[in-house]
Amino acid sequence: MKKIALANMNALYEAIAKDMNLYVPIDNKASVNYAEWKQGDTPVFDKMTVRSAKDAFFPQCENMSTFSRDDDNRIIIDKIKLTEKDFVVMGIRACDVKAVAVLDKVFLSEPVDTFYKARRDHSILVSLSCSRPEETCFCSTFGIDPAEPKGDVAMYIVGDYAYFNACTDKGEKFLNGVSGLLENANDTDVDAAKAATREIMTKLPLHDVTTDGWGAGVLEEMFNRPEWEELSSSCIGCGTCTYVCPTCQCYDIRDYNGSNGVTRYRCWDSCMKSDFTMMAHGNNRTTQLQRFRQRFMHKLVYSPTNNDGEFSCVGCGRCVAKCPVSMNIVKVIKTMGGKK
Amino acid sequence: MQGLEKKIKDRAIELLESGKVDGIIGWEKGQFIYDPTPAVFTKETGLDNFCYNNFCGANLSKYLVGKITSDKKYAVLLKPCDTYSMNQLITEHRVNRDNIYIIGVGCEGHLDVEKIKRNGISGITGVSVDGENVNVGTIYGESTIAKSDVLLGKCEVCRGNAHKISDELIGEELQTPEASDRFEMVNKLEAMTAEERFAFWKGELSRCIRCNACRNACPACTCRVCVFDNGRSGIDSKANASEFEEQMFHIIRAFHVSARCTDCGECSRVCPENIPLHLLNRKYVKDINEFYGEYQAGEEADQRNPLVNFGDKDIDPTVISDKEGN
Amino acid sequence: MCDNKISTNEALIPHVAKIINVRTQTHDVKTFAVVSSVDGGVMFDHMPGQCAMVSIPGVGEAMFSITSSPTNTAFKEFSVKRCGILTEILHGLEEGDEITVRGPYGKQFPVETDFKGENLLFIAGGIGIAPLRSVINYARANRDNYGQIDVLYGARSSSDLVEYEEMTKEWANDKNFNVHVTIDRAEEGWEGNVGFVPTYLKELAFDNNRTAVICGPPIMIKFVLGGLIEMGFNKTQVYTTLELKMKCGIGKCGRCNIGSKYVCKDGPVFRCDEIDELPNEY
Amino acid sequence: MQEVKEFKPNIVAFCCNWCSYAGADLAGSSRLSYPADVKIIRVPCSGRVNPMFILKAFEKGADGVIICGCHPGDCHYNTGNFYARRRMTLLYSMLDYMGIEKGRTRVEWVSAAEGAKFSNVMNKFCGDIKELGECVKLGDIRCKD
């Protein structure tokens, strides 16, 4: 384990940003979000970001190809160049690290999504051990330990120091690159802080949420539960929950018809929106109940069915905090399934 | 507030039991003190989970739009400011007044949990209002903040405790917070140079994630299919694919509700990125007041709004194009 | 037969295709024959039942079943019914115009496994003949692998029949091959059967010693399936293809997800007992 | 060496069918010149112009958008331009509020008999836009070279 005094962190950011892009949580006075570090920025590590770290690998909007026509009206396709520059995302909490693994399963399974893969290959995840979990956190429900966040390098902020522990070869290499700034530290230096975090977790209001009753094999039962109607009645059909979710990965492919040809891009989409499944001849989910149910069934039933029981919710609590009408996954889990 | 909650609950049970209404649209307890969910209470569900506390800022009038074809009668709980939206919906025939029973509930200003959190408070377990102060209990200890610092944006410019439409009132005697000038920020922006204003809006709107919460929560946005969802409109879009699409979305969103916007502040309240969207709507309100005379949408039902009206001496758009200064 | 190990970058980047022939089938259905614009080839190999994404850049992209048989190595065909923005503009294209195509996507009909040695019964309504035509022509080209083949096809009127010529002039002349055509309402000059497909199916009284493949409007599928069960068919003997909104075609964009299945990847061909396991959202 | 190109503005003019479009016609048949940079879009009435049209024009690369209609009181449909006047006042005010140069948008009332006015209006507007230069604030980034 290595450490650096918090007072010297700026030197570390400078060293990293010299030949890589560095993304850190920045407070812009209205919300905290990941942004590229620039000289003078002070990252905030004690607040949850509004948007998750998925933006770094699966941005809200990315161009895929461009189409133009030559003089004979023949179509010319130009591919978009993939990411080639290494980048570091620093301050990802355990829940988001797990979320990246969930996304990996989708995008890195055959056929591989090369846009996503290029970003993953060029990324270094510097995770952050939680010290102040929020009341909306329920990652322990999904077996995540917020004190041990993993990633390529795990970061612990304790007292006046930031401690780093490499978890992968990539992480090792990264730490070696900035070793001039780091001092040696004992692995045990962060044990007390870890224990304190785990202690807090047991006191959180949502610590008793369990996934009992959910998972693979309950498709028919859960799908037909009458509670969906009441739960979905307050949903206003916006996409907030899906867009702040670190594991939601649905996207749309659209063409933009500009004056210099056509750009085909993909952008996030939300199953909560009315036109998600709209086809020229009809829509197979016409009510908000169906769309609402789709989102939660996907996270809590379909996903475990396809991925050896793994839920596609990591308990980060973003949707709990941000839903305009406070109708969130915790309510759904509790209403139809588990509470100890 | 607790006494009021009990009063409303008792009355709601009475209304349901007597069969006067089939459902009550109110707020249901959430996971925490600060996240009540709008919900429909019926005889079957009972009112055990009903709540009315300092975090019931949501404007419930929009939920009646979906009930227009229903033959059931619903009672709806409306705070003074929400009644403006109700009047506007009645004016536009977006709700069926005959099937609505409006209970005006008293209000002493609602709190914004985002603002509490912005004060560096996390792990909130309880919030109580004590006169001018708000006591916040968290897993990390207690804190006290001034109530005026954590009021919802819309409550800072409260229009008073008068319900503009109601069938009965409960707790109307509560004192609403004192209001500051609602055009203060608009004036401030207008006094800036064009470059400063552009930078301001670019900074704010670049955070937009196009979740459409502002649109979907807005009681004036009641189109069956929004132009931004309509594949045939040519401008449907799901993401801000460029720097401009989010501006276009927000200009049009605000424009489409201009003169119908009651300035209820829901757009800003629901924004996950805390973009001050109401400043767009409020600019239209201010312009309409200045150009065509004072007008408050939803002041009463069946008003004719200034954009479906005209005068032959109206000012010309060239006044804007040729305006002196920045 | 086809290499599924394509990466998304490649999979999402289409081939440029040239329309070499447009056949007007009915007032709202046209069949487009396309080849690669680069080398005049078929761009990719496919199997019956698989689909491809057809696009006009700047307009949109949509999934269509490949109606030509894999045994046709000269070109690929798509039968397109005019019903939306993209199809409207597609219908305005002519020979020589270019579109883009990517694919193939989805699961095929089990023509090399479960269908082998079986008697086949194809039941289609309207444009539903498009995916089945691929199987039918594949079966005709490998005639010895299959037993008796029956095609039951219906449409609203005689002018709504797709591929009627091929059906009556080519298929019907094959050995052990019967074509039964019906239209919904009687009309002058029509000598064939009149009535809905499910009704005609019962009149024809097929025995259950065959594998049935259905494609058509959802309401027809529902009643035909009911009819087949009544006639003693087992759900494992009946196949159909589903249609849902699709964008990526490779099971990632989440649009065609119903239950734990992605129609673009796990379908569009489903055996009817598999469909029973899906929530009723298609 | 890079060639310095003269800035040729893209100007979109929404002209009402009954007055301003006829005005443009008259300008043409009277051999009054106006810049070729102006692309006229004929609309049935200035009241038909949706604020979206204007924003869309800017998004697609317009540097200035002008709306021409009948003089207030002379609308073929009696009141169309009265409504347009209020709408455009509000929209332009909003664009100004968002920091978009206010000279990029304009409304002018041109009757069918005012060929000379049409030509003057367009010449002036074109000159104004040339002074303002390319519209970078509202254009879509994907449209630019």
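Each chain gets a letter, A, B and so on, in the order the sequences are listed, and its residues count up from 1. Hydrogens, waters and symmetry mates are skipped; everything else that's a heavy atom, side chains included, is used.
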Exercise. Nearest heavy-atom pair of D:Pro51 and B:Phe255: which atoms, and what distance?
Worked result: CG-CE2, 3.2 Å
Exercise. What heavy-atom pair brings B:Ile252 and D:Met52 nearest, and what distance separates the two atoms?
Worked result: CG1-SD, 3.6 Å
For this session: Using a heavy-atom cutoff of under 4.5 Å, enumerate the residues of residues 213-227 of chain B that contact chain D, numbered in order, or state 'none'.
Result: B:Val227
Problem set entry | Residue part contacting chain B, namely of D:Glu101, when any heavy atom lies under 4.5 Å | neither
Problem set entry | Nearest heavy-atom neighbours spanning D:Arg86 and B:Gly311 | NH2-N, 3.7 Å
Seminar exercise, completed: The reported gap from CD in B:Gln247 to CD in D:Glu59 (rounded to nearest 0.5 angstrom) is 10.5 Å
Seminar exercise, completed: Nearest heavy-atom approach of D:Tyr92 to B:Ser321 is CD2-OG, 4.0 Å
Problem set entry | Heavy-atom closest contact (D:Tyr97 atom, B:Leu189 atom, distance) | OH-CD1, 3.2 Å
For this session: Give the C-alpha distance, both sets of side-chain angles, the deciding distance and a yes or no for side-chain contact (heavy atoms from CB on, under 4.5 Å) between B:Leu280 and D:Met98.
Result: CA-CA 9 Å; B:Leu280 293 173; D:Met98 297 189 88; 4.0 Å; yes
Seminar exercise, completed: Against chain D, residues from residues 312-320 of chain B with at least one heavy atom under 4.5 Å, in numeric order, are B:Asp312, B:Lys313, B:Asp314, B:Ile315, B:Asp316, B:Pro317, B:Thr318, B:Ile320
For this session: State which residues pass side-chain hydrogen bond (donor to acceptor under 3.5 Å, both in side chains) with D:Lys137; sequence neighbours excluded, sorted by chain then number.
Result: B:Glu195
For this session: With a 4.5 Å heavy-atom cut-off (strictly below), which parts of residues 285-292 of chain B touch chain D? List them by number.
Result: B:Asp287, B:Ile288, B:Phe291, B:Tyr292
Seminar exercise, completed: CG (D:Asp96) and CD (B:Glu190) are apart, to the nearest 0.5 Å, by 8.5 Å
Seminar exercise, completed: From the list D:Leu90, D:Ile67, D:Leu91, D:Ile100, the residue making the most non-hydrogen contacts under 4.5 Å with chain B is D:Leu90
For this session: May I ask you to check whether over 12 heavy atoms, not counting those of B:Arg159, lie within 6.0 Å of atom CZ?
Result: yes
Problem set entry | Most chain B-contacting option - heavy-atom pairs closer than 4.5 Å, from D:Glu108, D:Met88, D:Arg104, D:Arg87 | D:Arg87
Problem set entry | D:Leu95, part contacting chain B, at a heavy-atom distance under 4.5 Å | side chain
Exercise. In terms of heavy-atom contacts, does NZ of D:Lys39 have more than 12 from other residues, nucleotides or ligands at under 6.0 Å?
Worked result: yes
Exercise. Taking C-beta and beyond as the side chain, do D:Tyr83 and B:Leu307 meet within less than 4.5 Å on heavy atoms?
Worked result: no
For this session: Report the distance from atom CG of D:Leu55 to atom CZ of B:Phe249, rounding to the nearest 0.5 Å.
Result: 13.0 Å
